[in-house]
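The block underneath contains the structure these notes are about, expressed in structure tokens.
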Amino acid sequence: MRRVRPHEDIKVPVIKNIIYAVRLVWQADKKLMLGYFIDQLGAKIFSLFLQNILFLKVLLSVIDGSRDFIQYVKYLGLFLLCSLIAKGLQWYGEYTQKYASKRVLKSINNKIFDKAVSLDVSCYEDPEFYDKYQRATLVLAYSYYDTLTYDIMAIIASGISFICVITTVTMVDPVYLVFLLPVIFVFLIEFFKSRLVYKRDLEKTKNDRIKAYIQRTVFLKDFSKDMRTSNIFAVLMERFDGAIRANIKILRDYGFRLFLYSMVSSAFSEFIPILGTYGYAGYKFINTDEMSVSGFSVVLSSINSVRMATLDIADSFEDLNQMARYFQNMRDFFDYEPKVVSGEKSVPEFESLEFKNVSFKYPSAEKYSLENINLKITKGQSVALVGINGAGKSTLVKLLLRFYDPSDGVILYNGVDIREYRLDEYRDKFAAVFQDYRNFAISVFENVICRECTDEDKDFAKQALIQSGAWDKIQRLENGGDTVLTREFDENGAGLSGGENQKVSTARLFAREFDIAVLDEPSSALDPIAEYNMYENLIRATADRTVIYISHRLSSAVLSDNIYVLENGRVSESGTHKKLMADGRGYCRMFELQSSSYREEASGDA
């Protein structure tokens, strides 16, 4: 995605974006546009033309002329009938658009969700992506799709009323058109004003994101203990206040210019038309016999209707220009093409994986995270990738699972570049447990099986939980495996410890078929005994399968067929545990240091 500077004057194809938005809404539910059209047509035509102009002219003509009360009552009855019809149309329109709006929201929201899960993992590590994503979701958060539909229908309805009123005024005296010409400039002024409003909101995006992050974080359980036992809350509040101060400065920077636009717009839409027509109509009424009381009243009412119609159209145009810019963000979001693209080849049964001269640098980084990595893993082999934090172990996993593609070199699956395979099939060959594990606010069984569970699924999930070591805890919960994790949506939900949560997450591996197991720090939250038991179960569950352990704790390395030691993004050592211990280099020193630490803990406990 192209990086946008805060003060960059973004040129947006307004008409194209409006058409894009209309198509999006139309595909989601046609009734939204229909509802707003009926609602606005009933409101604008009745209030701006029928009520304020036509019936006023007819009734005053009756009073000026025949003074026939029966005829007057007939016109009042016709007015009442038209009023009831208009109100009925408005009610039906409001009813239709109310429910259609929810269906449009659901449709667009699902599109955004579907797109979000199809994006590269790199997008989630890019602040620019979050800015673009946030601006795209504003279309839903503030119902901009609703506003846009309303504005389009309001412009059509107000335009029809405007033409009817102008025609009536012209029939009275064409000179009045001279005083109405300035309203044309209002649309141009509002166009430039809307661009300025969008630029202002664009500059506020980062500050709004900071505010939203802090507002969310304050209510999350994961952060509650640190906030109460440290000064971190004060730091966050300073960031929050700083974001507000920055937004206030932005509002001040733009405030005077927006005020000037509003004043000039008012002059062209209100002062000139009203003063001109009132002055000219008053002159004709007082000094000539060309204008009757009914004509004078109709002209004044017409000018007010023209002013209201003009303001409605101008406001709607301003909104549309602004909506077009927000829908541009949505178009950019939907148009984003993943850099990690699927190949066409079907994925065969696993035989080998090989990294050949693989190097990788994150898009925004200056240094390579991995450099010239060469390693090979064959079917049935257990391999450990070890090293201190920051050595590049997790980055290697991201390349292996094609969350990223290498900057240089190639990764081969059965001797074929993994980029040639179908992406979903390739990833299905793996069962992965990540160090930044996450469980969701659904039942324990659903967290393990990753779908709504049948009774058979629940039995399968139970066995997986037993293997991961989590079942002893889960079975003691009030609803067992049907217990919802966290209390965010269920007051009877359960909050598990870090270790128990990791066991539940690890159970997913035991609950699926796979060719290759990738365990990225799978025991980081476990005590040594739980870690040992879990590895014993993993060894049984992965018998004759390929297993890749990634860890800075070396208990898993001892059990592995081959060990690769990563240091500063490079493979510094490789071999069996026995060989590396005999070499006496970095691995040996690290293993002895950890072993002595465990012995000290054991003697201390004794």
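Please read these numbers as outputs of a predicted model, since none were measured by experiment. Side chains are part of it too, since the values below use all heavy atoms of this structure and drop only hydrogens, waters and symmetry mates.
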Partners of R419 by salt bridge (charged side-chain N to carboxylate O under 4.0 Å, His left out), sequence neighbours excluded? D417

Q40 side, atom CD; T149 side, atom OG1 - distance, nearest 0.5 Å: 11.5 Å

Does the side chain of R427 reach to within under 4.5 Å of the side chain of L423, using non-hydrogen atoms? yes

If I take atom OG1 from residue T395 and atom OH from residue Y368, how far apart are they, to the nearest 0.5 angstrom? 14.0 Å

I'd like a table of donor-acceptor pairs (distance under 3.5 Å, sequence neighbours excluded) in which one partner is a side-chain atom from residues 27-34, with atom names and distances.
residue, atom, partner, partner atom, Å
D29, OD1, K31, N, 2.9
D29, OD2, R103, NE, 2.4
D29, OD2, R103, NH2, 3.3

Could you go through residues 241-248 and list every donor-acceptor pair under 3.5 Å that involves a side-chain atom there, pairing it with any protein atom two or more places apart or in another chain?
residue, atom, partner, partner atom, Å
R245, NH2, E238, OE2, 2.9
N247, OD1, N207, ND2, 3.1
N247, ND2, D208, OD1, 3.0

Within the 4.5 Å heavy-atom criterion, are F403 and V340 side-chain neighbours or not? no

What is the distance from atom NZ of K339 to atom CG of D120, rounded to the nearest 0.5 Å? 6.5 Å

Side chain to side chain contact (heavy atoms under 4.5 Å, CB included) with F37: which residues, sequence neighbours excluded? L41, M153, I156

For M237, is the CE atom crowded, meaning more than 12 foreign heavy atoms sit under 6.0 Å from it? yes

Please enumerate all residues that pass salt bridge (charged side-chain N to carboxylate O under 4.0 Å, His left out) together with D408, with sequence neighbours excluded. none

My understanding is that only residues two or more places apart in sequence, or in another chain, count here; which of them pass salt bridge (charged side-chain N to carboxylate O under 4.0 Å, His left out) with D405? R402

Distance col, row L320:CG vs N17:CG, nearest 0.5 angstrom, shows 11.5 Å

Can you check whether I15 reaches Y20 side chain to side chain, under 4.5 Å on heavy atoms? no

Where is the tightest heavy-atom contact between S118 and P338, given as atom of each residue plus distance? O-CG, 3.6 Å

With sequence neighbours left out, write down each residue that passes salt bridge (charged side-chain N to carboxylate O under 4.0 Å, His left out) with D312, or none if nothing qualifies. K44

Here's one to test your reading of the geometry: is the NZ or CZ of R200 within 45 degrees of the ring axis of Y254 and under 6.0 Å from its centre? no

S359 side chain near L370 side chain, heavy-atom distance below 4.5 Å: no

Is it the case that atom NZ in K206 sees more than 12 heavy atoms from other parts of the structure closer than 6.0 Å? no

Is there a donor-acceptor contact under 3.5 Å from the side chain of T217 to the main chain of Y213? yes

Once you round to the nearest 0.5 Å, how far does CD1 of I250 lie from CG of D201? 9.5 Å

Using the ring pair (Phe, Tyr, Trp, His ring centres under 6.0 Å) criterion, which residues pair with Y144? Sequence neighbours excluded. Y142, Y326

According to side chain to side chain contact (heavy atoms under 4.5 Å, CB included), who are the partners of I108, at least two apart in sequence or on a separate chain? L24, V104, I112, L140, Y145, M330

Under a plain distance cut-off of 3.5 Å, with no hydrogens placed, do K193 and S262 share a side-chain donor-acceptor pair? yes

Is a side-chain donor or acceptor of K115 paired with a backbone partner of Y336 at a separation under 3.5 angstrom? yes

Could you tell me if D319 and T147 have a donor-acceptor pair between their side chains, going purely by distance under 3.5 Å? no

Residues F327, L148; criterion side-chain contact (heavy atoms from CB on, under 4.5 Å); working and verdict: CA-CA 10 Å; F327 272 96; L148 179 133; 4.0 Å; yes

What distance do I313 atom CD1 and S161 atom OG have between them, rounded to the nearest 0.5 Å? 8.5 Å

Quick check: are there more than 12 heavy atoms from other residues, nucleotides or ligands sitting under 6.0 Å from NZ of K111? no

Can you list the residues that meet the ring pair (Phe, Tyr, Trp, His ring centres under 6.0 Å) rule with F360, with sequence neighbours excluded? Y362, Y404

Quick check on R239: does its CZ atom have over 12 non-hydrogen neighbours (other residues, nucleotides or ligands) under 6.0 Å away? no

With sequence neighbours excluded, tell me which residues meet ring pair (Phe, Tyr, Trp, His ring centres under 6.0 Å) with W26. none

Just so I know, are the side chains of L89 and D39 near enough to count as touching, which here means a heavy-atom distance under 4.5 Å? no

Contacts table for residues 90-99: side-chain donor-acceptor under 3.5 angstrom, sequence neighbours left out:
residue, atom, partner, partner atom, Å
T96, OG1, Y92, O, 2.8
Q97, OE1, Y36, OH, 3.1
Q97, NE2, E94, O, 3.4

Tell me, with the steps shown, if L485 and F440 meet side-chain contact (heavy atoms from CB on, under 4.5 Å). CA-CA 7 Å; L485 293 183; F440 302 90; over 6 Å; no

What heavy-atom pair brings P406 and L399 nearest, and what distance separates the two atoms? N-CD2, 4.0 Å

